[in-house]
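Below you'll find the structure, written out as structure tokens, and then a few comments.
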Amino acid sequence: MLRRREESAVNKEFRPIFHKKLTVGHIQLTVTQLLFLAAVTALGIGMRAACLSYISQDYTGYWELWFAEIEKYGGMRSLAYDWYDYSPLFMYFLVFIEGLPFDPMYTYKICMSVLDVAAAVMAGKLVYELTGSRNRGFFAYGFVFVLPTVAANSALWCQCDVIYTLFLLCSIYYFLKERPLAAMVFYSLAFCLKLQALFIFPVLVILWVHKRVRVEHFFLLPLFYVLSIIPAWIAGRPFTELLMVYLDQGYTDTWALTLSWPNIYEMITPEALLVTYSTLGKCLIISILICVMYYMAKKRYPMTKGFILQMALFYGILTVYFLPFMHERYGYLVDILAVVYALAASRRMFLPVLHVLISYVSYTLFLTKGEAVPMIVYAFLLLALLCAAGRDVYLHMDGKDGKLWDRPQAEQAN
Amino acid sequence: MIDNFFRYFLELKWKIRGTWVRFLDLLMFTAMTGAAAVIRLVLMDGFTGWYGLRDMALALLAGICVWRCKNSLTAGLTCYGVFLILPTLTVLSSYWQKPDGFYVLACFAGVAAVLMGKRTAGAILYGAGLLLNIQAVFLLPVFLLFWAAGRLSGAGIVVTAAAGAARLLLGTDVQQLLFGYGNEAAAPKVLKGIADAADMARALGQTDTLTEVGRRFLNGVDGAFTGWAADSSAVLTDNWCNVYQLLGPSDFTSEYFIAGLCLTGALVLGCIYAVIARGRAARFGNPEYVTELCMFFCMLVPYVAPHMNARSGLLADVFAVLLLFFCKRKFYFALGQLILSFSMYQICLTGVSRFPLGYYALGMLALLLLAGRDVFLRPWEEADAAQKGGISGE
């Protein structure tokens, strides 16, 4: 082995500073950890600052027009008209943004970037819950905050996927903490913001089979949705119209079987036999889910914290892979979950790297209309990731995933 | 009788400073040196430069490192021979006549010196590498880890920082000032049709991100952080197979310039923290680990940083080939890295690419994932136990 010399006196004085402990709030950190968190936050802010001035097609095509409508009719009163097709809960947020005395685009992007911090913190808490390791929790925060898809979604593209994703992360967190009521409240809030929350709905069904959540908790979904539309109804929009918002969304953006997301429809030509394959695709995914959920419901296996995360990851990839009309941003949740997963099971480090790459290439395809590598290549790559995630789920159900986790996963109490 | 005559030479050996040197060893050394000289003369089309001597110095250094680490003269001489005929180094020095090999030699010597316990010399050599070419910054994380592991003094870090600052203020690589820009005629297809001097320089791979940063700092560019980036309209990758080949090198040039630098910094920071947090700093006595770590960072930084030129893989080439001699199972790093690196040279020199550049970028990503897995996830205890001999300290 190679030999070391004696350490210099200066180094002996300087090096212990990095191990000194500080208390920030109720968390104890070393100086090294604090420096890491501060540096990675600053770099994440730098990434977003570089993109703030970009005006995306979605802003000029949607948000800018909607802000104009809100201004024209005067705040909440504008929600009485049918110029918007997003959920009312999200529209209240836009009304709030428009009411502030700043440029709406920058305000919107900054608000979303602040929510990115919250999402990164939740990812850190998830990792800490799974591993008990503070360092890994800090890594999760750092990596999620500088994830290209997370940064670009808020600061470059001016989109809002972080909102519902944050609530989904909270929901998963409380499921890990065995607090189903809190978990379902957050899930309901996510559902009230975006229909894409349903991508991991099968997880809730399996959790119900394993008695981690009660049937009564599912009623929170319609309850919260009805509560969320009341202000818009009071503002003047018809109640039935507000109830049908998500159904109406299903009839928009149907000009190709996949809207830049490299799923199975990339393999069969996205513009071919649109109506036939879209119906077929919906039937196919429902059939696949029936088979998978049947197997998962019948088999006996421990419901561990890690398995809940694995299910969320697996269903997040599966549903988006087979559903038609999937957008390029629909891998957002799985991007973050994959980072959490990889930090709890480091052998799966390839998962977030490849999934984020696929996700960001999809973003690029929409934003620049250019592709360096045909999307079909990424479709096969995503299929491989789906198989990897599915295999992990299967191995757990078979009791053979002992070596996967960095820290053994204890079974949750019944 | 004739048979015995030749066998006599096979058996011939001498003891030189405690080491048995056979006739075959001398033959190998002479033959490879001669072959390398001939290759270079052919590429230069006559003797037009002496960069081959620099390559020989690098090959000798690599050979000595392997010899002393593995206690095997055979391995050392084989390493020497392979380094002499490294395709990228050979074409760079003889055909393209670029001075990049100097900073590679300085950085490599710096790493070797630190491992041998010569901390100050290691820091000075690395600082020289930084001054010669800013791309030496790819190895900065390794030197920071050396310091964290107690293998580099605080003074060493100061020397390194001073060299880096001097390079930024200078605004150009010292190797360019000393040795010029190489043989521009070697890349006629790249030069053809390019009127703008800045674009021409970029096409020749003369510029890189931190040259741009240094230049603007010297020119006193005011304005917001994004305003700085907004001046950058250059393509995001100057013929290196990195992530920007997959995203489109001409899109969001100003946004990705700063965001790419921030992302690079964050990833490097995360990796440094991971090495320290996982206690991997204790592995710094293992030359295989250090070599792979150097290779990893030399792959990672050019993969995510913007404005990397076609020669950005040179440091990684060197460490990948060196790794081969520490662990034969990891031959795929040397093979993959050299194929990718040399392909980028060819694209720059001939303007022709066999595949869309995105495929090369995917290949590089695969190598990066494998290297990362080794550096951060593999238990290195058995490699430590198997480590025989080693470079003696002072």
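Letters A, B, ... are given to chains in the order of the sequence lines, protein chains preceding strands, and every chain is numbered from 1. As a basis for the values below, the full set of heavy atoms in this structure was taken, side chains included, without hydrogen atoms, waters or symmetry mates.
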Step by step, would you call B:Ile272 with A:Phe36 a side-chain contact (heavy atoms from CB on, under 4.5 Å)? CA-CA 10 Å; B:Ile272 290 174; A:Phe36 171 73; over 6 Å; no
List the steps and the verdict of side-chain contact (heavy atoms from CB on, under 4.5 Å) for A:Leu354 and B:Leu369. CA-CA 10 Å; A:Leu354 293 177; B:Leu369 282 172; 4.1 Å; yes
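Only the side chain of A:Leu357 comes within less than 4.5 Å of a heavy atom of chain B; its backbone N, CA, C and O stay farther away. B:Leu362 touches chain A through its side chain: at least one heavy atom from C-beta onward sits under 4.5 Å away, while N, CA, C and O do not. Only the side chain of A:Val353 has a heavy atom closer than 4.5 Å to any heavy atom of chain B. Heavy atoms closer than 4.5 Å to chain B are found in both the backbone and the side chain of A:Gln33. Contacts between A:Leu35 and chain B at a heavy-atom distance below 4.5 Å are absent for every atom of the residue. Proximity to chain B is limited to the side chain of A:Phe143, based on heavy atoms less than 4.5 angstrom apart. Proximity to chain A (any heavy atom under 4.5 Å) is restricted, for B:Tyr256, to the side chain, taken from C-beta onward. With a threshold of 4.5 angstrom between heavy atoms, A:Arg347 approaches chain B through N, CA, C or O but not through any side-chain atom. Proximity to chain B (any heavy atom under 4.5 Å) is restricted, for A:Phe139, to the side chain, taken from C-beta onward. Contact of A:Leu156 with chain B is made through the side chain alone, with heavy-atom distances under 4.5 Å.
In this structure, the separation between OH on B:Tyr273 and CG on A:Asn135 is 3.5 Å, given to the nearest 0.5 Å. Between B:Leu246 atom CG and A:Glu371 atom CD the span is 11.5 Å, to the nearest 0.5 Å. One distance of note links CG of A:Leu367 with CZ of B:Phe252; it measures 4.5 Å at 0.5 Å rounding. Distance CZ/B:Arg373 to OG/A:Ser346: 12.0 Å, rounded to 0.5 Å.
Here the closest non-hydrogen pair linking B:Ala259 and A:Ala50 is N-CB, 3.9 Å. Across all their heavy atoms, A:Leu43 and B:Gly265 have their closest contact at CD1-C, 3.5 Å. Nearest heavy-atom pair across A:Ala39 and B:Leu269 is CB-CD2, 3.2 Å. Scanning both residues, B:Ile258 and A:Gly46, for their nearest heavy atoms gives CG2-O, 4.0 Å.
In terms of non-hydrogen atom pairs under 4.5 Å with chain A, the most contact-rich of B:Gly270, B:Gly248, B:Pro356 is B:Gly270. Note on B:Asp251, B:Leu267, B:Leu365, B:Leu247: by heavy-atom pairs under 4.5 Å with chain A, the leading option is B:Leu247.
In this structure, A:Trp405 places its CH2 atom where more than 12 heavy-atom neighbours from other residues, nucleotides or ligands lie under 6.0 Å away. The local environment of NZ in A:Lys21 is sparse, with at most 12 non-hydrogen atoms from other residues, nucleotides or ligands closer than 6.0 Å. The environment of OH in B:Tyr332 is crowded: more than 12 heavy-atom neighbours from other residues, nucleotides or ligands sit within 6.0 Å.
Inter-residue side-chain proximity for B:Cys262 and A:Val146 is flagged as unmet; no heavy-atom pair is nearer than 4.5 Å.
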